[in-house]
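Basis for what follows: all heavy atoms, side chains included, without hydrogens, waters or symmetry-related copies. Both counts, for ligands and for their atoms, begin at 1 and track the order of listing. Numbering starts at 1 and runs along the sequence shown.
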Amino acid sequence: METLIGTDISTAKKLLESGETVAIPTETVYGLAANALNPDAVLKIFKAKERPHFNPLIIHLPDWEAVKKYAAEIPEEANLLAAHFTPGPLTFLLKKRPTVPDLVTAGSPKVAIRIPAHPVTRELLSQLDFPLSAPSANPFGYVSPTTAQHVFEGLQGKIPYILDGGECTVGLESTIVDFEEGEVIVRRKGGVAVEAIEEVLGKKVDVRTGVEDHPVAPGQLKSHYATSTPLYVGDAAILAKRFSTKKIGVIEFGENLRAVTAAFRFQLSPSGSLDEAAKNLFKIMRQADQSGAEVILAEWLPEEGLGRAINDRLRRAQHEAK
Ligand code: TXA
Ligand code: MG
């Protein structure tokens with residue numbers, strides 16, 4: 001199959017209506033989309049990504065109004081969070097209506113719903129009469145794509161069309177929130193900081209992540225978001241000594257690794273901005289992976305704001321993480 005990259009919304013629309021997959025831009029990462037109500041189309045996503053079927057998918061809708069069609073119940077706190085963060089990088093786990101195929105939720109009674117903020121994909125969604133299920137548009141386990149070119153590198157020959165919407169502005173996947181008996185639980189750290197959610201709700205929330213590990217059988221998957229080159233996170237000076245015979249690539253954040261000697265250097269944010277680091281993280285992981293470095297070193301970022309989600313991705317990308 002030939003994979004085209006273009007900016008034509010009507011091409012994407014036609015392919016999706018005929019049950020094909022299309023890679024779409026969102027503000028977080030590129031998604032590999034298909035008609036969420038058509039199980040045969042959804043199966044093509046799993047196939048192109050080589051993703052296990054027991055890993056459920058997020059469905060993407062044009063606006064919060066449309067959520068009622070697919071969620072059986074919408075807790076008050078979900079409405080409150082939606083008023084602040086939707087459209088945007090926040091995904092809601094809500095009790096599903098029977099219209100959502102079990103394949104999409106991997107048999108769970110809840111469906112993950114997101115209203116993406118990217119103008120191209122919002123326009124596309126507004127022209128469709130079905131939601132789009134879309135995981136990140138990368139081969140399962142590899143670094144998520146933040147440009148059309150990244151998608152092409154990973155899925156070339158496996159999908160017909162990549163809708164190019166430029167570089168993703170947030171750069172990390174959405175934060176996933178769950179609602180249980182009046183409690184709000186963060187299930188994945190992402191593009192909306194936990195602190196921002198707490199501020200809107202006026203209370204602390206539970207962070208119980210692991211939603212990305214859970215659906216996968218133990219041992220099946222060593223790491224997620226992983227580079228092919230081994231990546232180590234910790235005290236970079238100590239790690240650099242340990243790998244002194246190898247060509248080292250370092251992922252820097254501001255001046256944090258200034259004292260470490262390396263063959264290749266990649267900068268997340270010269271000024272030390274966590275938002276900028278989030279936007280650049282996956283691109284830089286790919287650059288480091290393709291640089292010729294034999295080992296990639298990084299240090300943990302501050303555990304605040306988007307730093308928490310960045311650290312989560314680094315932890316999962318680590319060599320021998322599990
Ligand atoms: O920013 C994002 O969320 C991107 C863009 C494309 O929207 N999508 C994304 O999808 O990151 P994916 O499939 O790579 O990650 C979705 C995560 C998975 O780890 C999955 O386990 C979890 O959401 N998830 C989806 N549906 C779920 C459900 N019904 N119950 C529990 N977890 C769910
Ligand atoms: Mg993913």
Side-chain angles (χ1 to χ4, degrees), residues 21-34 36 42 45-46 48-61 70-72 85-97 100-118 120-122 124-125 131-146 150-151 154-155 162-163 165 168-180 185-192 208-217 221 223-226 278-279 282 306 309 312-313 316-317:
T21 59
V22 171
I24 56 167
T26 85
E27 75 282 23
T28 61
V29 300
Y30 274 72
L32 181 58
V42 173
I45 296 176
F46 289 100
K49 275 185 64 97
E50 295 175 36
R51 177 180 171 117
H53 286 188
F54 34 88
N55 204 349
L57 303 175
I58 297 173
I59 70 168
H60 298 71
L61 294 171
Y70 306 99
F85 300 115
T86 280
L90 191 61
T91 293
F92 299 80
L93 280 174
L94 300 169
K95 290 214 176 77
K96 82 176 194 78
R97 287 192 189 275
V100 181
D102 285 333
L103 177 63
V104 169
T105 64
S108 162
K110 286 191 179 175
V111 57
I113 299 182
R114 181 161 105 77
I115 321 299
H118 196 291
V120 170
T121 286
R122 293 201 78 199
L124 173 65
L125 284 167
L132 292 175
S133 49
S136 49
N138 51 286
F140 188 66
Y142 193 64
V143 183
S144 300
T146 54
H150 292 165
V151 179
L155 297 177
I162 302 168
L163 186 57
C168 302
T169 52
V170 175
L172 289 178
E173 293 83 351
S174 59
T175 300
I176 301 180
V177 283
D178 195 359
F179 304 88
E180 270 177 20
I185 304 158
V186 170
R187 298 280 186 196
R188 176 174 73 181
K189 294 177 217 170
V192 174
R208 276 185 244 154
T209 53
V211 75
E212 301 202 87
D213 314 316
H214 185 70
V216 176
L221 170 75
S223 53
H224 212 134
Y225 304 102
K279 175 172 189 273
F282 291 146
L306 294 195
D312 171 79
R313 301 305 185 272
R316 289 163 188 281

- prompt: Given D102 and K96, is the side-chain contact (heavy atoms from CB on, under 4.5 Å) satisfied, shown in steps?
  reply: CA-CA 10 Å; D102 285 333; K96 82 176 194 78; 3.4 Å; yes
- prompt: Near T28, which atoms of ligand 1 are under 4.0 Å from a heavy atom of that residue?
  reply: 1 (O), 2 (C), 4 (C), 5 (C)
- prompt: T105 to ligand 1: N or O pair under 3.5 Å?
  reply: no
Main-chain N/O of G171 paired with T146 side-chain donor or acceptor, under 3.5 Å: no
task: Show the numbers, then the answer: is there a salt bridge (Lys or Arg N to Asp or Glu O under 4.0 Å) between D178 and R187?
output: CA-CA 7 Å; D178 195 359; R187 298 280 186 196; 2.9 Å; yes
- request: Compute the minimum heavy-atom distance from R188 to ligand 1 and say whether it is under 4.0 Å.
  value: yes
- request: Could you see which bit of L93 sits under 4.0 Å from ligand 1, with heavy atoms only: side chain, backbone, both or neither?
  value: side chain
statement: Quick note on ligand 1: atoms under 4.0 Å from a heavy atom of A134 include exactly 6 (C), 8 (N), 10 (O)
query: Taking atom types as modelled and ignoring hydrogens, do the side chains of R313 and S144 form a donor-acceptor contact shorter than 3.5 angstrom?
result: no
field: Y30-ligand 1 polar pair, N/O distance under 3.5 Å
entry: no
- prompt: Which ligand 1 atoms does R51 reach within 4.0 Å, using its non-hydrogen atoms?
  reply: 12 (P), 13 (O), 14 (O)
- prompt: Hey, does E173 come in under 3.5 Å of ligand 1, counting only N/O atoms on both sides?
  reply: no
- prompt: With side chains defined as the heavy atoms from C-beta onward, is the minimum distance between P101 and V42 less than 4.5 Å?
  reply: no
task: Would you indicate whether the side-chain heavy atoms of P116 and L125 approach each other to under 4.5 Å?
output: yes
message: Check this for me - ligand 1, H60, N or O atoms closer than 3.5 angstrom, yes or no?
response: yes
message: Would R114 count as being in polar contact with ligand 1, using the rule that some N or O on each side must be under 3.5 angstrom apart?
response: yes
field: Ion pair E173/R114, N-O distance below 4.0 Å
entry: no
query: So, is Y225 placed with an N/O/S atom under 2.8 Å from the Mg ion (ligand 2), counting both backbone and side chain?
result: no
- request: Could you walk me through whether L57 and F46 pass the side-chain contact (heavy atoms from CB on, under 4.5 Å) test, one step at a time?
  value: CA-CA 10 Å; L57 303 175; F46 289 100; 3.9 Å; yes
Nearest-option assignment for atom 24 (N) of ligand 1, heavy atoms, candidates P56, A23, P135: P56
- request: For the pair H118 and C168, evaluate side-chain contact (heavy atoms from CB on, under 4.5 Å) and give the outcome as yes or no after the intermediate values.
  value: CA-CA 9 Å; H118 196 291; C168 302; over 6 Å; no
query: Side chain, backbone, both or neither: which part of E27 comes within less than 4.0 Å of ligand 1 when only heavy atoms are counted?
result: neither
- request: Number the atoms of ligand 1 from 1 as they appear, then name those within less than 4.0 Å of a heavy atom of I58, with their elements.
  value: 3 (O), 8 (N), 9 (C), 10 (O), 16 (C)
